[in-house]
> 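My questions all concern the structure below.
Indexing begins at 1, ligand by ligand and atom by atom, following the structure's order. Just so it is clear, the structure is predicted and the values come from calculations on it, not from any experiment.
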Amino acid sequence: MSEALLPDSNGFDEEAFRREARAFLDWIASYLSRVEEFPVRSTVTPGALRAALPAQAPEDSEPVSALIEDLEKLILPGITHWQSPNFFAYFPANTSTPSLMGDLVSSAFGVQGMLWITSPACTELETHMLDWLAGLCGLPARFLSSGAGGGVLQDSASSAVLCALLAARERASAGRCNEEGCRGDLVVYGSTQTHSSLDKAVMVAGLGRRQLRKIEVDAEFAMSPAALRAQIAADRAAGLTPCMVCVTLGTTSTLAFDPLPELGALCRAEGIWLHVDAALAGSAAVCPEYRSLLTGLDFADSYCFNPHKWLLTNFDCSCLYVADRNALIGALSITPEYLRNSISDAGAALDYRDWQIPLGRRFRALKLWFVLRRFGAEGLRSYIRGHVALTARFAEHLAQDARFEIVAPVHLNLVCFRLRDSNERNAALLEALNASGRIYLSHTVLDGRYVLRFCVGQPQTSTRHIDEAWALIAATAATLDP
Ligand SMILES: *Cc1c(COP(=O)(O)O)cnc(C)c1O
């Protein structure tokens with residue numbers, strides 16, 4: 001071996017580490033500065049990478065140079081470039097220098113933050129960052145750790161809604177589900193536009209998908225309070241027990257906002273756990289002018305948003321807040337003898353293992369800490385505002401071309417649009433755009449109509465990219481076969 005990878009009798013080889021780390025950081029710097037040059041959506045065919053890799057793991061140590069060569073040669077072609085300024089598909093997955101560095105330091109510590117005692121800083125920085133973010137976003141005081149509530153980092157909004165549902169399930173069954181298994185009478189409510197992670201949570205929690213009610217939406221794709229009220233009444237009349245309502249602020253298809261004040265008041269009156277999912281849109285609340293999007297959040301028992309989507313913090317980093325942390329802990333806590341310790345026994349600190357599904361957990365709060373300090377609240381606000389302005393610019397381009405229509409209200413950083421033409425031609429337009437490699441968009445279907453989604457959310461995206469994307473879309477639409 002050319003370098004001492006494992007400590008020997010001389011201990012950790014600091015110089016060897018510096019050389020190796022520098023080589024990879026240089027490569028990352030070069031990648032991020034070239035990211036615009038690559039086809040945004042990967043053009044490889046299934047199996048291409050596997051075919052290029054050796055069948056067996058290497059017997060002997062390989063040099064760093066071989067790894068970097070293969071990053072270029074083998075991996076880059078198979079990357080869809082989420083950090084490209086021309087990535088407009090799905091919702092964004094941001095990264096940034098401070099975030100990257102936070103993750104690197106986290107990896108260096110290599111800690112398991114399952115208990116306070118297994119790395120006090122991991123737990124306390126996390127509690128503190130969640131409180132910071134609550135302040136920054138103007139969240140209700142009931143989600144602060146100083147009261148009965150608090151926040152925790154989950155890997156994803158999917159885990160967050162599952163944890164919320166497990167807490168709601170215990171509450172609705174007077175704490176008996178964990179002991180006796182799930183009753184068949186618990187019902188969960190979302191809308192037809194709710195993210196599929198709610199379906200999955202209902203499956204995993206053992207409630208059964210038959211017990212998930214998909215409430216109808218209005219013309220702007222927001223959940224109808226009247227329809228929810230009627231469904232709850234019908235379920236109660238049938239002897240069923242409403243367990244949880246999932247309200248979405250910024251749906252995945254169109255960024256529609258369910259009417260939280262009305263829905264929240266209904267949940268409060270009915271005594272039903274209210275989970276609010278603002279996976280993408282929640283980040284916008286760092287700007288005071290968008291706080292009103294969260295009006296009614298006082299009603300929520302749990303709230304989730306993903307800094308890993310639109311707040312410059314790389315995946316995974318999803319914030320889950322609860323108003324009553326004991327409801328969550330009561331649903332998820334289990335203590336084998338080998339995890340017992342005096343701090344936990346005395347209840348003197350939080351143990352985040354009791355706030356999530358797995359036992360082990362990474363030191364994710366570091367990247368948030370770095371992001372919040374390096375950008376500052378003002379930096380994050382101007383970042384969000386910049387994307388909202390670019391999105392408005394794209395919508396203006398569209399509005400001036402009669403061939404196109406905008407099919408849902410434009411909120412924040414998403415435009416849903418289509419050619420005034422058949423679904424087939426819209427699908428052909430999307431495929432032609434994505435096959436060009438120059439931009440990447442995704443689609444949805446609304447009321448049976450095929451719709452293109454254009455979401456602005458990458459740090460490198462600027463006016464030029466918006467104008468070029470529009471020019472490409474307008475030109476491509478003109479070349480489609482009749
Ligand atoms: C993206 C999204 C999710 C899922 O997020 P993950 O963190 O990937 O699980 C859930 N809800 C909404 C509204 C989303 O947009």
> Please verify the inter-ring angle class for His411 with Phe257; under 30° counts as parallel, over 60° as perpendicular, anything in between as tilted.
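Perpendicular: the ring planes of His411 and Phe257 meet at over 60°.
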> Could you tell me, atom by atom, which parts of ligand 1 come under 4.0 Å of a heavy atom of Phe91?
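In order of numbering, the contacting atoms are 15 (O).
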> Looking at Arg362 and Asp155, is any side-chain nitrogen of the basic one under 4.0 Å from a carboxylate oxygen of the acidic one?
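Salt bridge between Asp155 and Arg362, a charged N being under 4.0 Å from a carboxylate O: no.
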> Can you pull out the closest protein heavy atom to atom 7 (O) of ligand 1? Residue, atom name and distance to 0.1 Å, please.
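For atom 7 (O) of ligand 1, the nearest protein heavy atom comes out as Ala157 N, 2.8 Å.
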> Under 4.0 Å, counting heavy atoms only: does Ser159 come that close to any atom of ligand 1?
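No.
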> Should Arg325 and Asp354 count as an ion pair when the cut-off is N to O under 4.0 Å?
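Salt bridge flag = no for Asp354 with Arg325.
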> May I ask whether Asn306 places a heavy atom under 4.0 Å from ligand 1?
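Yes; Asn306 lies near enough to ligand 1 that a heavy-atom distance drops under 4.0 Å.
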> Going by the order shown, which atoms of ligand 1 are within less than 4.0 Å of some heavy atom of Ser156?
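Taking each heavy atom of Ser156 in turn, ligand 1 has 6 (P), 7 (O), 9 (O) under 4.0 Å.
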> Let me see the working for Ile439 and Ile473 under side chain to side chain contact (heavy atoms under 4.5 Å, CB included), right down to the final yes or no.
CA-CA 9 Å; Ile439 59 176; Ile473 292 167; 4.0 Å; yes
> Starting from atom 11 (N) of ligand 1, what is the nearest protein heavy atom, named by residue and atom, and what distance separates them?
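Heavy-atom neighbour on the protein nearest atom 11 (N) of ligand 1: Asp277 OD2, 2.6 Å.
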> What is the ring orientation for Phe88 with Phe454, classed by angle as parallel under 30°, tilted 30 to 60°, or perpendicular over 60°?
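Ring orientation, 0 to 90° scale: parallel.
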> Please list, in number order, the atoms of ligand 1 under 4.0 Å from a heavy atom of Thr252.
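Reading through ligand 1 atom by atom, the close ones are 12 (C), 13 (C), 14 (C), 15 (O).
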> Determine whether Leu311 and Val371 satisfy the following criterion, side chain to side chain contact (heavy atoms under 4.5 Å, CB included), listing intermediate values before the conclusion.
CA-CA 9 Å; Leu311 210 59; Val371 164; 5.5 Å; no
> What protein heavy atom sits nearest atom 9 (O) of ligand 1, and how far off is it?
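Nearest neighbour among protein heavy atoms for atom 9 (O) of ligand 1, to 0.1 Å: Ser158 OG, 2.6 Å.
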> Side chain to side chain contact (heavy atoms under 4.5 Å, CB included) between Leu312 and Thr95: does it pass, once the steps are laid out?
CA-CA 5 Å; Leu312 293 161; Thr95 189; over 6 Å; no
> Can you sort out which atoms of ligand 1 are near Gly250, meaning under 4.0 Å from one of its heavy atoms?
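Those atoms are 13 (C).
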> Is Gln154 close enough to touch ligand 1? Criterion: a residue heavy atom under 4.0 Å from a ligand atom.
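Gln154 does not count as a contact of ligand 1 under the 4.0 Å cut-off.
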> If you measure from each non-hydrogen atom of Leu280 to ligand 1, which part falls under 4.0 Å: side chain, backbone, both or neither?
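No part of Leu280 comes within reach of ligand 1.
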> Indicate whether the side chain of Thr313 and that of His308 have a donor and an acceptor atom separated by less than 3.5 Å.
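Result is no, nothing qualifies.
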> Could you identify the single nearest non-hydrogen protein atom to atom 14 (C) of ligand 1 and state the distance to 0.1 Å?
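Nearest protein contact, heavy atoms only, for atom 14 (C) of ligand 1 is Lys309 NZ, 2.9 Å.
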> Taking only heavy atoms of His308, which atoms of ligand 1 are found under 4.0 Å from at least one of them?
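Near His308, meaning under 4.0 Å from one of its heavy atoms, ligand 1 has 7 (O).
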> Testing Tyr90, Phe91, Tyr440 one by one against Trp82 for a ring pair (Phe, Tyr, Trp, His ring centres under 6.0 Å), which residue passes?
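Result for ring pair (Phe, Tyr, Trp, His ring centres under 6.0 Å) with Trp82: Tyr90.
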